Amino acid sequence: MAKEINWKELGFNYLKTNCMYVSYWKDGVWDDGELVEDHKLSIDASATSLHYGQQSFEGMKAYRAKDGRILLFRPEMNARRMNRTAKRLMMPEIPEEKYIDAVKQVVKANEEFIPPYGTGGSLYIRPMEIGVGANLGVTAAPEYLFAVFVSPVGAYFKGGMTPIDLVTTEYDRAATYGTGQAKCGGNYAASLLPHNEAVKAGFADCIYLDPLTHTKIDEAGAANFFAITKDNKFVTPKSPSILESVTKISLLQVC
Ligand SMILES: *Cc1c(COP(=O)(O)O)cnc(C)c1O
């Protein structure tokens, strides 16, 4: 119940909302999709998403503006990125209009869960596409599911807008010409241990180095890296193994 939420105490935990959106792809077409109250999915145990990592996700937010409007930040950029991931993993693309319509439907239906303006919270939106349907060999799935769920969240890093300490790691999250540019689960499973070790050593997260030479900064576990030099230049890595960040592209455009 949204009424029971203490907006200022929100962390980055999953809180159930009214409903989520699901749509299925079969025989070359997406169905219309619908909002469902069930927060569980029923899929085949042999689904490619469960064994071979054929799955992707996106992360974006809805904000309550001062004047009461609900704002999304460049959702089409996330829709396009999800389709770049889909191509890399041989999953069907989701039409941009379908993606944005799904996001809007879920946000509207869960409007009461958008943290009020000024609390620092937002409604986290998690679109996902996964391979479903019976399958055994390492091949692309016969069917796909596109879902969007939401959850009210506070700041991602506990300190909020305060400086954090990061440390470089010996591990890679993705190979140089691997799936670093795709927002797919495998990269994040690979990042759990390095993240955990960084946290145990007293840091907020780790910074990955370029996988080929380990001499240049690639990116952090869930964010691109950028810096302003003493002579006021915006610098950010160019690398085939990082996830192209909407935040970074937007900052580059502003610069
Ligand atoms: C999602 C993600 C980002 C940030 O992307 P934004 O579009 O700025 O939210 C950066 N790096 C990694 C590894 C990510 O998973």
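Atoms within a ligand are numbered from 1 in the order they appear, just like the ligands themselves. Computed over heavy atoms, backbone and side chain alike; hydrogens, waters and symmetry mates excluded. Keep in mind it's a predicted model, so treat the numbers as computed, not measured.
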Going by distance alone, is a donor N or O of one side chain under 3.5 Å from an acceptor N or O of the other, for [X] and [Y]?
X	Y	result
E96	N83	no
T179	N187	yes
S239	D218	yes
S46	N135	no

Under 4.0 Å from any heavy atom of [X], which atoms of ligand 1 are there?
X	answer
N224	10 (C), 11 (N)
R173	13 (C)
G221	13 (C)
R81	5 (O), 6 (P), 7 (O)

Would one find an N or O of [X], backbone or side chain, under 3.5 Å from an N or O of ligand 1?
X	answer
V246	yes
T247	yes
E244	no

What part of [X], side chain, backbone, both or neither, has a heavy atom within less than 4.0 angstrom of ligand 1?
X	result
A223	backbone
M77	neither
K248	neither

If two hydrophobic side chains count as joined below 4.5 Å and joins carry through other members, does [X] share a cluster with [Y]?
X	Y	value
M60	I130	no
I125	Y63	no
Y144	Y21	yes
I5	V107	yes

To which protein heavy atom is [atom] closest, and what is the distance rounded to 0.1 Å?
atom	result
atom 12 (C) of ligand 1	E219 OE1, 3.5 Å
atom 2 (C) of ligand 1	K183 NZ, 2.6 Å
atom 4 (C) of ligand 1	A222 O, 3.7 Å
atom 15 (O) of ligand 1	Y188 OH, 2.4 Å

So for S191, does at least one of its heavy atoms come nearer than 4.0 angstrom to any atom of ligand 1?
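Under 4.0 Å: no for S191.
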Is there a heavy atom in M60 that sits closer than 4.0 Å to ligand 1?
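Distance cut 4.0 Å: M60 fails for ligand 1.
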Between the side chain of H51 and the main-chain N/O of G137, is any donor-acceptor distance below 3.5 Å?
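Between the backbone of G137 and the side chain of H51 there is no qualifying donor-acceptor contact (under 3.5 Å).
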Give me the one residue out of K248, R173, K238 that meets salt bridge (charged side-chain N to carboxylate O under 4.0 Å, His left out) with E219.
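Only one of K248, R173, K238 forms a salt bridge (charged side-chain N to carboxylate O under 4.0 Å, His left out) with E219, namely R173.
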